[in-house]
Amino acid sequence: MTATMTDTPPPAAPKADTEGTRSGRPLGQILMIVAGALLLVAAVRVITGSDQLTSEGQVSAALGLAVPIGLAGLAGLWSERSGVVNIGLEGMMILGTFGAGWIGWQSNPWLGLLCGIGFGVLGGLVHAVATITFGVDHIVSGVAVNLLALGITQYLAKIFFSEGDAADAGGNPKQSPPVDSLPNIDVPGLSDALKSLENHHWFLISDLAGILGGLVTDLSVVTLFAVLLFVGSWWLLWRTPFGLRLRSCGENPVAAESLGVNVYKYKYAAVAVSGGLAGLAGAFLALVTSHTYLENQTGGRGYIGLAAMIFGNWRPGGLAMGAGLFGYSDALQLRNGGETVHALLLVLVVLLALLGGWKLYRKAHWQGGISLFVGALVLLWYLFTDEVPNDFVGATPYVVTLLVLSLSAQRLRMPKADGMRYRKGQGK
Amino acid sequence: MRGITKRFPGVVANRDIDITVRTGTVHALCGENGAGKSTLMKILYGMQQPDEGTITVNGERVTFHNPADAIARGIGMVHQHFMLADNLTVLENVVLGAEKLYGIGAKARTKIKEISDAYGLNIRPDVLLEELGVADRQRVEILKVLYRGAKTLILDEPTAVLVPQEVDALFDNLRELKAEGLTVIFISHKLGEVLSVADEITVIRRGTTVGTVEPAGTTPKQLAELMVGSELPTPETEESTVTDVPLLQVDKLHLTQTDLDGVERIILDAISLTIHKGEVLGIAGVEGNGQSELVEAIMGIRHPDAGAITLDGTDISHAPTRRRREAGVGYIPEDRHRHGLLLEAPLWENRILGHVTERPNSRGQLLDIKAARTDTERIIGAYDVRTPGIDVTAASLSGGNQQKLIVGREMSHAPKLLIAAHPTRGVDVGAQAAIWDHIREARREGLAVLLISADLDELIGLSDTLRVMYRGRLVADADPATITPEELGSAMTGAATGHLEHTEASGPETTEDDAR
Amino acid sequence: GSTSSEQDSSSSASSDSGKDGGIKIGLAYDVGGRGDRSFNDSAARGADKAEKEFSGSIKELTAKSSDTEADREQRLTDLADAGYNPIVAVGFSYATSVDKVAAKYPKVSFGLIDSVATAKNVDSITFTEEQGSYLAGVAAALKTKKDHVGFVGGVDTPLIKKFAAGYVQGVKDTNSKVKVDVQYLTHGSDLSGFASPDKGKEAASGMLDNGADVIYAAAGSSGNGSIEAVSGVKGAWAIGVDSDQYNIPGLAKYKNSILTSMVKNVDVGVYDFVKSVQDGKPLTGNQIYSLAKGGVGLATSGGFIDDIKTQLDEAKTKIVDGTITVKTTT
Amino acid sequence: MKKLTPRIDKERLLLGIAAPLLAIVAALVVTALVILATGKNPGAAFSDMVTYGSASDSQVYILNKATTYYLAGVSVAIGFRMNLFNIGVDGQYRIAAFFAAVLGGALTVPGWIAIPLIILCAMATGALWAAIAGVLKVTRGVSEVISTIMLNSIATAVIAYLLQPGKLAELQAGGTVISTTPLPKSSYFFQIDTGAAGVLWGFIVIAVLVGVAYWFVLGRTRFGFDLRTVGQSESAAAASGVSVKKMIATSMVISGAVAGLIGMPTLLNDSHQFSNDFPSGIGFTGIAIALLGRNNPVGIALGALLWGFLERTTNHLEFEGYDKEILGVIQGVIVLCVVIAYELVRRYGLKRQQQRVGAELAAQAAATQKQEVA
Ligand SMILES: Nc1ncnc2c1ncn2[C@@H]1O[C@H](COP(=O)(O)OP(=O)(O)OP(=O)(O)O)[C@@H](O)[C@H]1O
Ligand SMILES: Nc1ncnc2c1ncn2[C@@H]1O[C@H](COP(=O)(O)OP(=O)(O)OP(=O)(O)O)[C@@H](O)[C@H]1O
Ligand SMILES: [Mg+2]
Ligand SMILES: [Mg+2]
């Protein structure tokens, strides 16, 4: 959002061919990074004996906690790729939890899921009307949507859940009656085999087994659906004409308009889908993790999803990593708290040392020095304590996000017309 | 197009316009800034809807609700301002909106290469658009239209950012297109080009058609007078007022920019220049060759890696922008909306902008609102800013009047040095003459001016000294008294660098021979 | 202008005239209110019983999550102004406001649940959660087969820490070999830990993965998640809290995994207090509803702890006669 | 803030009033429909709100609440004026109030020294916390929206860690409330006892002073002009000689310092300690109020009063048998309507102005032509 002063195209100097890197990093590089991270974590696990770092339960919990964040982030991605900033995700999620709980307990969870998505879409449409039709500032409208969604659901919950049948079935003003569970999927045999491998605590192999096991054991259908949505969104947005048009609205809507793209339509579609995905994120919370609507159930996950999206550079892959990071650290603190996070400090030390070395190598002395210094401090912390205070463990994801963003924010590239007002026929 | 009328709040952009374009011809539209040319074409392209009037294509009455309708009728448009998305590839930019034709994958790529080869456009489909320069972007725009199989091409001021040699290449392309039976509608202010390429010329003045002429038997002067409705002003400099007191000295300025991939680009390369009191130094160059960055470096908005800037004997290389302005640097930015005005603020606040620390705008740390308002009234009178009052927002003024306000503001603080980037861009003829007069008058009183302009006539007419900038370097000097726009143009493309190399090393003793 | 009480007294006089003469009970609930299947509901039960018995009337007001001191004061004041007496404030967040309002209305009797007020006309009704939790610890230690149990707390507030302290002590006193995991879901002013079943579930399954097989959750509705996680593991037990969770419709699916619940009989406290006002001898000071008085205890629904009844009774006796003092902090 | 020529003045004033009026009418209609839909009588509800809200004790309540909300609104508005979206006001005021309470509890000096120290401590803490986001934004380009969201949660964790018996807090009698050491009586802020209507917090004076300072600095000083310039156009500001980065950091710090004041009315006039039920979420209320008041010092005051009024009266609605959850609906609808209404009115105003400019110019042109003819 900061202004670069000149907007004229750069001198047409011949430049190294960078075609390979234009859609993020090449696959090989990504695999290298993933492999490196895995090795590092496996090593730390063996050194510290914190088997929880890569246990099946840990990974499975991380996945469960990451799904709503990831879906919220994906919702943000759709909206922002079309040029509409959506800080109303939280509100749309709340609508999703309510819709899912409300219809879910009266009929069945599948209809609840649909209704959650539908309520989310409604929230998205409110945001779309305000920002696209009326040209209200996107953030302002998002804040209003959040307020409104909270108000309406609290009001309706009071009316729908605290009297009559609902109350008899276990509802109250803050909670819907319970909803039946959606089915879980388990790959028979595979899970057990992986589990036994994991229990050997072999270097790397057990880690891999734990991670894979976590990913295939007791998987909710909605989680599977969410994964498909990620892949599907990537395909739709980056591989189809529809996606190209949608993204062009976020990059340069006037140009899109000049080529016959109905920008309003695409923005509306994107924000509605965004609302639906946020609604699904809410429905996931209500149906999969709690089996009931609960007031304040979303607990700021809409905002976290937004952070994960920015973290992921407005791309599904990066976003999935961001959401995974949040889910993982959240799961860590819930399942083991201090001790495991303490082990993670060692990972942080290694990363900071690597970063510092790299920066020094690139002659960025200041940054390198600071990284090494912080790394040394963390190392001292690691050596002189046995666990991280529990109160801080909860803050791990936030601190990590802040750290990562401050190291990488300058490499991020948001859609160029993101958050800008667009009026048809007013382009220059 | 018959009886087209289009009103905007406060402006009638088109008033009862009639225009007929024959198939297979190049038809030029001329008219001064704001005459309504672009609006008319946007109507033809379906981007705007006329309030009155009808459009007939190939004998059939049509109504275009949006560009898609027009595209379906074989009409394509290259806009005055590029309509490209930086973060998409060339391929994506081209196929956008026309995915039905060849998809968005390999087939489309083949088709693009095919068209590119057929017209010699030399386009690589898979580079990110942001890596392209102006001329390349222009070609992408044309390819976009061809890709859609347009039978009628609208080109809105395609030559404004091109140097003469590139213009020639473009015109060759146009003739080729015409030969294939395509119709081209072509807008330009540059009457010479218009006469050389068009089969027919329609002139628009103040929103209405004033006539259609054949290029044969029409002189540029006649055409211009038709456009303006009166005698043309010229930016002639009278007697020289150049003194030998150096006011601004720029010494070996060097600026690089590292992009995200760590690639370092040189933006300004060892720029050295001196402007004396009473001198206007003009810098010619195709946009994007570092002129904007040079201006911003002198203003202190960008921080060069090396080099020194001396203003009137004091070194200001590291002074912040505000100190430079206080030291007497006036600034007319190239983009008045982004850098010169607060569009949603009233005029009197815009009068304070940039000079908040100076009288009469403030006393000590406090604003002196009363004095600022009074002075705004004075500027409006003295510089003929047409406005109902000083409390309207800057956005509601027309471009020319906005520009006059900026000039008035900058001149009101007795600048020693005026940096004028495209001071008359998008400004009508009357205002243009007034702005030139103000610059000349101040020059007489010892003002030094750094003038950047894409309008070569303006540049040659106003400057005492001319330098040419190419790829971040000052590659040539010229004497404005003798040089022609064409000669200047060839230096601007870098085509003439070979000849000029020694001039750059040996300083300002250049002659017109070198420029040729 | 006039204060709202002056306006109110005229309007409410007419609206409540139907049940003139009976006792007018005012209830100010904590967030959640009647129907929360937890301690608000329990308070409501006590008040309902009194209402029926003394043919009085009830006015209920409920807190919202964004309440401040002023809102709680307003709620109590509104009730007092409208002539309600006694007024019961349900929840420790009313502690300060009860003190303030009680001082303003010396003739009205106030009841305060879960905290202690200083004003003279207030009956502070508190419960020895640590004693009940001690029993839960005893049950857990006796039922664990892996010598490993867990405690999930919603938020690390002092009240929840009391539960944890009693539980840990109960476990250790019964079998010092048993390992106890303690985990809070959120910390400090982040109260979402009381309403995040997913977090409750993950915390519990973390403990189960680590080998625990009895898990006691004092975590509001997050506890539902813990119970669900436990129900997914054969042979593992969950211990509920506040009310008898075996009988809660929302948890019916998991009731065979609910070993017992540490119930807090808020209804008894409320009823006693209303009755004392009805009798003209309002209770004041701090009424501690201990294990001895039946204020806390273990639910027996499902009959899963019938086999260890003797050991539990023994522990109970020890607590009642003072042989064992249960700590309130760890 | 702007002195206007009378002609334009009137129309602008009308337009200025039109937006909130439009919004409130729309909100009333929606609310009435919602109440009607639940089968209850909206008329009676509204009349109860008006009579109850105008009672003297309600007025005191509203003023006290508005004091806090006003400070929150101003704090957010300072950011808004710069195009900065300071979601972190919430964390800033909580952590500021916490450390101020710790300091206040530890101080044994007389009140006239202690109170300013406590207030300064709060402002400094808020400013520091906000500065983290500001510095990250200007040096590392981290969006303040995200960093302040993160900092809110981190603030919660820091407070949770320190607000424990044995660290910086103590357990209160009853064993359920943890709080910092209570302030000594001498450190209480003055208050006005209005008898039956209750006690009016003296901090309202500070809130008014903050409002005046906000108006004065923004509208009358060079600094304020620079700040507004950056808010309207960063590129124009940089070209005009404002250091945009410095300005962003500075305004973030100022916003944080004002945020530090938000907890002070509660701390110094009411609770006198920071406990685990210290009000939270007021930063978000501040956003709504700043939007409502359009970042204008008087507008924010009206917004804060409206919010206080709504809370007071919907609390009482429950007493009359309505669902008090209607509050959230009213608030949400009002904010949404307000932002849309402002946008519509703004657009209409701009169009009007352009039309007038056009008409004026046409008239001038006609006049000159006549002269030429003559
Ligand atoms: N969207 C719009 N809203 C209001 N006025 C407009 C709009 N577009 C154009 N105008 C006005 O209509 C008039 C005609 O503009 P147009 O762009 O057609 O001129 P032009 O002949 O293309 O000028 P130039 O040579 O500068 O490109 C101008 O006064 C312009 O300001
Ligand atoms: N995209 C746009 N949206 C809204 N209004 C516009 C737009 N473009 C131009 N205008 C309005 O049109 C009017 C004229 O603008 P423009 O800068 O094009 O003037 P112009 O006719 O070229 O002026 P001049 O003849 O003085 O150069 C102004 O009122 C301006 O606000
Ligand atoms: Mg123009
Ligand atoms: Mg044009």
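The shown structure was predicted, so the numbers you read here are calculated from the model rather than taken from an experiment. A, B, ... follow the sequence lines: proteins, then strands. Residue 1 opens every chain.
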Just so I know, are the side chains of B:Glu92 and B:Ile104 near enough to count as touching, which here means a heavy-atom distance under 4.5 Å?
no

Sequence-distant partners of A:Phe373, side chain to side chain contact (heavy atoms under 4.5 Å, CB included), two or more places apart:
A:Leu377

Please look at B:Asn93 and chain A and tell me whether the side chain, the backbone, both or neither of the residue comes under 4.5 angstrom of a heavy atom of that chain.
backbone

Checking A:Ala270 now: which residues fulfil side chain to side chain contact (heavy atoms under 4.5 Å, CB included) with it, not counting sequence neighbours?
A:Ser82, A:Leu246

Who among A:Gly260, A:Ser258, A:Ala255 has the most heavy-atom pairs with chain B under 4.5 Å?
A:Ser258

B:Lys113 and B:Arg124, any side-chain heavy atoms less than 4.5 Å apart
no

Output the option from B:Ile71, B:Leu84, B:Asp69 having the highest count of non-hydrogen pairs under 4.5 Å with chain A.
B:Leu84

Given side chains that start at C-beta, do those of B:Val78 and B:Leu153 come closer than 4.5 Å, heavy atoms only?
no

Side chain from CB out, backbone as N, CA, C, O: work out which of these in B:Leu96 comes under 4.5 Å of a heavy atom of chain A, or both, or neither.
both

Given that the side chain runs from C-beta out, which part of B:Lys144 has a heavy atom under 4.5 Å from chain A: side chain, backbone, both or neither?
side chain

Considering only heavy atoms and a distance below 4.5 Å, find which of A:Asn252, A:Leu259, A:Thr240 pairs most often with chain B.
A:Leu259

